[in-house]
Amino acid sequence: MDREEYVEAVLQAVESIPPGSVATYGDIAEYVGQGGPRQVGAVMREYGGGVAWWRVIRASGVPADEVGDEQLHLLRADGVRITNGRVNLRQVRWDPEIQEH
DNA sequence: GCCATGACATCCA
DNA sequence: GTGGATGCCATGG
């Protein structure tokens, strides 16, 4: 799989996250089936501007230091419950299975 | 090919 | 919950 195709796959995965839900970098990597969490992060750094990058967070529920403030703000706008600067993964974690295909 | 880096994850104290 | 160590995997020098 070319790097460009990988980028497309990642962006597509991010776009398929419904509003009010979030996914971890690991989830995206697993969904795409290639590379790992760090590669997803690398893609987001370069091409994340075109998608809902704020719906991608760490497994801990804490957003990346670089974008944390904006991200929490945007997530709250999407209807995501934020507690103590941390996302409640229990409730908003994206499940590819529950998608309305 | 070796080494350093990074919007990460997991394990363990 | 916190902090350090280790693993992972692609990219760039």
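Naming: A, B, ... by sequence-line order, numbering from 1 per chain.
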K.L.:
So, under a plain 3.5 Å distance rule, would you say the side chain of A/Glu66 forms a donor-acceptor pair with the base of B/dG6?
P.N.:
no
K.L.:
Tell me whether A/Leu74 shares a hydrophobic cluster with A/Val51, the cluster being built from Ile, Leu, Val, Met, Phe, Trp, Tyr side chains joined at under 4.5 Å.
P.N.:
yes
K.L.:
Taking atom P of C/dA10 as reference, at what distance in whole Å does atom OH of A/Tyr6 sit?
P.N.:
8 Å
K.L.:
Let's see if you can work this out: which of B/dA7, C/dA10, C/dC8 has an atom nearest to the side-chain heavy atoms of A/Gln39?
P.N.:
C/dA10
K.L.:
Would you check if the side chain of A/Tyr6 reaches a backbone N or O of A/Met1 as a donor-acceptor pair within less than 3.5 Å?
P.N.:
no
K.L.:
Of the listed nucleotides (B/dA7, B/dG6, B/dT10), which one gets closest to any side-chain atom of A/Ala59?
P.N.:
B/dT10
K.L.:
Give the rounded distance in Å between these two atoms: CG of A/Asp65 and P of B/dT5.
P.N.:
17 Å
K.L.:
Can you tell me, in whole Å, how much space there is between the P of C/dC8 and that of B/dC12?
P.N.:
15 Å
K.L.:
Atom CG of A/Leu75 to atom C1' of B/dA7: distance rounded to whole Å?
P.N.:
13 Å
K.L.:
For the P atoms, the ones on C/dC9 and on B/dC11, what distance do you get once it is rounded to whole angstrom?
P.N.:
15 Å
K.L.:
At less than 4.0 Å, is any side-chain N or O atom of A/Arg38 found next to OP1 or OP2 of B/dA7? Yes or no.
P.N.:
no
K.L.:
Hey, which sits more toward the 5' end of DNA chain C by its nearest nucleotide, A/Arg86 or A/Pro37?
P.N.:
A/Arg86
K.L.:
Quickly work out the A/Asn84 CG to C/dG1 P distance and round it to whole Å.
P.N.:
10 Å
K.L.:
Rounded off to whole Å, could you give me the CG-to-C1' distance for the A/Leu72 and B/dA7 pair?
P.N.:
13 Å
K.L.:
Could you give the CD-to-P distance, from A/Glu46 to B/dA7, as a whole number of Å?
P.N.:
12 Å
K.L.:
Taking the side chain as every heavy atom from C-beta outward, state whether A/Asn88 and A/Ile82 have any pair of such atoms under 4.5 Å apart.
P.N.:
no
K.L.:
Mind checking A/Arg58 for me? I need base, sugar-phosphate or nothing, with any heavy atom below 4.0 Å counting as a touch.
P.N.:
sugar-phosphate
K.L.:
In this structure, how many angstroms lie between the P atom of C/dG1 and the CG atom of A/Asn88, rounded?
P.N.:
11 Å
K.L.:
So A/Thr24, base contact, sugar-phosphate only, or nothing? Heavy-atom distance under 4.0 Å.
P.N.:
sugar-phosphate
K.L.:
Indicate yes or no for a side-chain donor-acceptor contact from A/Glu70 to the backbone of A/Val67 under 3.5 Å, with no hydrogens or angles considered.
P.N.:
no
K.L.:
For the pair made of CE in A/Met44 and P in C/dC9, what is the distance, rounded to whole Å?
P.N.:
21 Å
K.L.:
Checking side chain to side chain contact (heavy atoms under 4.5 Å, CB included) against A/Trp94, which of A/Leu89, A/Ile28, A/Val56 comes through?
P.N.:
A/Ile28
